[in-house]
Structure formats: structure tokens, C-alpha cells
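Below is one structure; the comments refer to it alone.
Throughout, protein chains are lettered first and strands after them, A, B, ... in sequence-line order, and every chain is numbered starting at 1.
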Number of protein chains: 2
Amino acid sequence: MRLAELSGRSGVPTATIKYYLREGLLPPGERVTATQAEYGEEHVRRLGLVRALIQVGRVPVATAKEVLHAIEDASLPHDARLGIAVESLPPPRGSAVDPEVLEAAGGRVAELRNALGWDHATTSVGQEMLVTAVATLMQLGYPCSAEHLMPYARLAGELAAHDMDLVEGFETPTTQLEAAVALTVLYEPVLLGLRRMAHAEEATRRYGKGVGTRS
Amino acid sequence: MRLAELSGRSGVPTATIKYYLREGLLPPGERVTATQAEYGEEHVRRLGLVRALIQVGRVPVATAKEVLHAIEDASLPHDARLGIAVESLPPPRGSAVDPEVLEAAGGRVAELRNALGWDHATTSVGQEMLVTAVATLMQLGYPCSAEHLMPYARLAGELAAHDMDLVEGFETPTTQLEAAVALTVLYEPVLLGLRRMAHAEEATRRYGKGVGTRS
DNA sequence: CCGTATTGGATAGCAACACTATCCCGTGAT
DNA sequence: ATCACGGGATAGTGTTGCTATCCAATACGG
């Protein structure tokens, strides 16, 4: 398969594929002559994943590169690759929060983890996300005590177990890693979309039809 | 309060505040002389909300403007304002999915709604998000049948009820609307952060300490 | 009053990001 | 022989969210 065909199969313009190759998001094709390279099925798969990460998951190109490299770094054991891949996932989305509030939020999250018995994993990007979000809520004066967060957290725990079961359903290490990354990222819009739908549903039930209107 | 003080109180640079004023994200201050305006406490609150929407919620400036205008449009009834505000929230984050797959995904979501009995709200941005995400998953060959989605959906339903209860805890219509917007947006990173944390926890339990390592 | 300092408004510039368009040269197929 | 195409390099584009610079009008301290 040449570049043009890869482009046709995946729906991604050749210029963009070249860009991904340049950035190391796609492994180079197998050089068949001095000026041409051959691409295979796994390039198609990989390209799909890349697009999904970038377009749906909003993952920055540089981050996607790290994640994908972690997946295929054969020098690492499976569990480390998984860890690096999923922990590399979100951009550290900086937001200027008062460091004092941030600390308070950190305490609250620690409290929550304690109450839940989540004492295995030490730190994680997820925790940073959470602390920042909680700090922002606190700064705006919205409630997010450990008790408020508990129901969310319990639900998150159920989801996580469900997700991991799904991932374990894949056979080979590589497909498992790919699935872990893809499901981590792609189920985020699923979850958020469902929450929004549920909001709309609940609001309509409570307040009537006026809620569902769009501008 | 003058612009400089508003800037000091909120931690937002004056240039940025001017930008928000220009874009209509903040109502103009009360003109006290020909060249000066007076800002009040509600500008501080509003500015906090704007920053939260933009920086934490990643809401585009133009979208934030719509949302905030809906909140304060006194000519509309409360429920309509709520509807417009939350339905304006997410950017329609276009992602090029095969329209055929998209349709299949739409069918699956309809099936899910049917199974859940979510028949009040008609369409919603949330549903679009969900359909797109499901279509992407399908295109990549990952499982997301209605059955797979059920546990997520049920949890989303619980969350929604919980969220609405929270919002109802606020007294005035305006604070309720603000809370609805803020909680819709700001609990998204909370939820995602918790899910990620739960993943890390569960992965560590299942596979050991290697998972929590960062690159 | 006078001089300096701000304020608010307008305009233009900047940095990051994800592409995208152009050029060029070497092949490869005919 | 030739001529389109593949692939590499380079530079340009459009968007977004600010940021920096100017400017005239006015406050305000003395």
C-alpha cells in the first residue's frame, strides 16, 4: 500500500499523513525502493487511533506521540507500558488557581481517597485533574466536599472495574494496550455525553419541555 | 472598583479583562464619568465563572458568551434560559466520521434511550456527543453496544439526579442558572479525574506497582 | 491651574497548534 | 525518453486566546 492508498482507506489527507510521519505518530512505512515505502494494515489501524486521540480526545500531537511510543516500546514490561501510556494521556492543562486553595483541594481529595480505601496507586494525572477541578469549584464557592464527591467516586470505581474487564478481553499485549488507551480517551465523551443526556432528561422531567430548546 | 482593582481581586490581567469586555463576556461597568467605569462584586463573580469555563472547561470564548447571555436574558422564562445555557455549552467538536457509521451509532443510542426509558428530552448536544463518540469507537472496532453502554448510562442517570438536587439547593434563579452551568462544566473534570484515579487504583490492584510510574 | 498618572477604547501583534500547500528531485512504469 | 507520482523538506495558513502598544480624555495631587 502506498501513501495515496493509505490516505484513501483512512480518509486522512496525504499531507496530514506525511505530517504524522514527520512527527513520529506513525511508524515509517517499509522502504521498498529508494523513493517509495510500503504501508500495511497496522498503519491503517494506527492511523485510526491517532485520529481518534487527536480529534475526539483532543490529545495534543506531542502527547499522542509519547503515548504511542510507550505502547510499542518492547523494552518495557507490559504493566509499565500501560502505566506510561495512560499516565501520559492528558495535557497537564494548566489553570491558574490560587495555590492556597489548591492545597486545600489536595487535602480534600486525600480525604476522599482515604474514605474510599484507594491506597494502592500513589499519584496520577487523574488526581491532578481532580485536585485542580475541586480547587476551581471551591474558589467559585460551589460545594465539593468529600461527601459531595463520594457518589461520583463510587460510580467512577464501578466504571473503572468495568473498563478493565473490557480491556482484559483483548488477546495480545499490544491490542490490550491500544484498547486501554482508546477506551480511556474515547469513553470520556461517551460518559460526558451520557451525563448531559441524563441532565436533559431529568430537567425535562422536572421542569417541562422548555428545557430542551436550542437557541 | 476600577479595572485595575477588579484585575487585582480576580488575578486576571487588565488586558484580558478588557478583552472579555470587548467580547461581551463581561457586562460593561457602570459608567461613572466619561472615561471611567465602576465594577462591582458581581463582576468579580462573573469573571471567576468566565475563567472557569474557559480555562477548566475549555469552553471557547464565543460559546461562553452565548451561555452567559442566556443566563441573564431576563426576557425568557427560567426553564428556557436553563435549556439554552446548558445546550449551548459544548462546542460541536466536529470529527470526520463516516456518515454511515454515524447513522448506525445513532440507532444504537436510540436503542439505549429506549431501554432506559429516556423519552422526555428530544435531542440534545449530549446526544450528539454520544453518537459521535460511539461512531468513533465503532469505526475503530471497539465494543460499544447498547448493553456495553448500559452501566455507564445508569450511572449517568444517578449523577444527573444528584446534580439537579445540588442546583435546586440554590436560592435565586440567577444563582441556580450559574450553578447549573458551572456544575455541568466543572464536574466534568471531576468525573474524568475520578475515573482516571479509579483506573490507576484498579490497575495497580490487578497488575502491581509498575502501572503508576510516570515517564 | 498644572503636570503627571490612569483609564478605557482601538488596533495590531504574538504564540501555540494542527494542519496544508508548494517545491523539488528521484524513480518507476510505459 | 518521458512524465506522472511518491516522498522529503520547507514554508505558509487559519484559528484561538490572549498581550502589547498607542492614544485621547480625564482624574487627581499639589
Side-chain angles (χ1 to χ4, degrees), chain A residues 1-40 43 47 49-68 90-96 185, chain B residues 1-40 43 47 49-68 90-96 185:
Chain A
M1 199 188 315
R2 293 295 128 80
L3 212 169
E5 194 184 342
L6 179 58
S7 165
R9 291 272 299 277
S10 60
V12 180
T14 59
T16 305
I17 297 179
K18 285 189 190 182
Y19 168 63
Y20 291 159
L21 286 165
R22 254 191 332 272
E23 297 298 315
L25 292 179
L26 277 176
E30 190 185 352
R31 301 304 302 259
V32 62
T33 80
T35 60
Q36 297 201 328
E38 181 76 13
Y39 304 97
H43 284 90
L47 192 47
L49 183 57
V50 167
R51 281 253 121 176
L53 288 181
I54 290 175
Q55 295 204 326
V56 180
R58 295 277 181 94
V59 177
V61 167
T63 308
K65 179 181 170 181
E66 280 181 51
V67 173
L68 295 169
R93 57 161 63 184
S95 87
V185 171
Chain B
M1 200 187 317
R2 294 294 129 80
L3 210 168
E5 194 184 341
L6 180 59
S7 165
R9 291 273 299 276
S10 61
V12 180
T14 59
T16 305
I17 297 179
K18 285 189 190 183
Y19 168 62
Y20 291 159
L21 285 166
R22 251 191 336 270
E23 298 299 316
L25 292 179
L26 275 177
E30 190 186 350
R31 300 304 301 260
V32 62
T33 80
T35 60
Q36 296 201 327
E38 180 75 15
Y39 303 97
H43 284 89
L47 192 47
L49 183 58
V50 167
R51 281 253 121 174
L53 288 181
I54 291 175
Q55 295 204 324
V56 180
R58 294 282 179 92
V59 177
V61 168
T63 309
K65 179 181 170 181
E66 280 179 54
V67 172
L68 295 168
R93 55 159 66 183
S95 87
V185 170

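Rounded to an integer number of Å, the gap from CD of B:E38 to C1' of D:dT26 is 16 Å. One atom, OH of B:Y19, and another, P of D:dT16, lie 9 Å apart when rounded to the nearest Å. The CZ-C1' distance, from A:R58 to D:dT15, rounds to 13 Å in whole Å. For A:L25 and C:dC17, the CG to P distance is 14 Å, given to the nearest whole Å. C:dG8 atom C1' lies 14 Å from atom NE2 of B:H43, rounded to whole Å. Nucleotide C:dA10 holds its C1' atom 8 Å from the CZ atom of B:R22, rounded to whole Å. Note: CG (B:L21) to C1' (D:dC18) measures 14 Å, nearest angstrom. Counting to the nearest Å, the P atom of D:dC18 and the CD atom of B:E23 are 10 Å from each other.
Residue B:V50 is tested with B:I17, B:L25, B:V59 for a side-chain contact (heavy atoms from CB on, under 4.5 Å); the sole match is B:L25. Of the residues listed (B:V12, B:L26, B:V61), the one engaging B:Y19 in a side-chain contact (heavy atoms from CB on, under 4.5 Å) is B:V61, and it is the only one.
Looking only at side-chain heavy atoms (C-beta outward), B:M1 and B:R9 come within less than 4.5 Å of each other.
Comparing C:dA18, C:dT11, D:dG7 against the side chain of A:K18 picks out D:dG7 as the nearest. Out of C:dC19, C:dG26, C:dT7, the shortest distance to the side chain of B:R2 is found at C:dT7. In the set D:dT19, D:dG7, C:dC19, the nucleotide with an atom closest to the side chain of A:I54 is C:dC19. Minimum atom distance to the side chain of B:Y20 is reached by D:dC18, of the listed D:dG17, D:dC18, D:dA11. Closest approach to the A:A15 side chain among C:dT20, C:dC19, D:dG7 is made by C:dT20 (side chain taken as heavy atoms from C-beta onward). Closest contact between the side chain of A:T33 and the listed nucleotides C:dT27, C:dC19, C:dA10 involves C:dT27.
Atoms OG1 and CG, from A:T16 and A:L47 in turn, are 9.0 Å apart once rounded to the nearest 0.5 Å.
Summary of the strand contacts: B:V61 and A:Y39 both lie near DNA chain D, and taking for each the nucleotide with the nearest heavy atom, the more 5' one is attributed to A:Y39.
Among the protein residues, A:A4 comes within range of the sugar-phosphate backbone only, with heavy atoms under 4.0 Å from sugar or phosphate atoms but none that close to a base. Using a 4.0 Å heavy-atom cutoff across all strands shown, A:A37 reaches sugar-phosphate atoms only and no base atom.
Within the 4.0 Å cut-off from OP1 or OP2 of D:dT19, at least one side-chain nitrogen or oxygen of B:T16 is found.
Side chain of A:R2 to backbone of A:A37: a donor-acceptor contact under 3.5 angstrom is found.
Not a single donor-acceptor pair, N or O on each side, falls under 3.5 Å between the base of C:dT27 and the side chain of A:R31.
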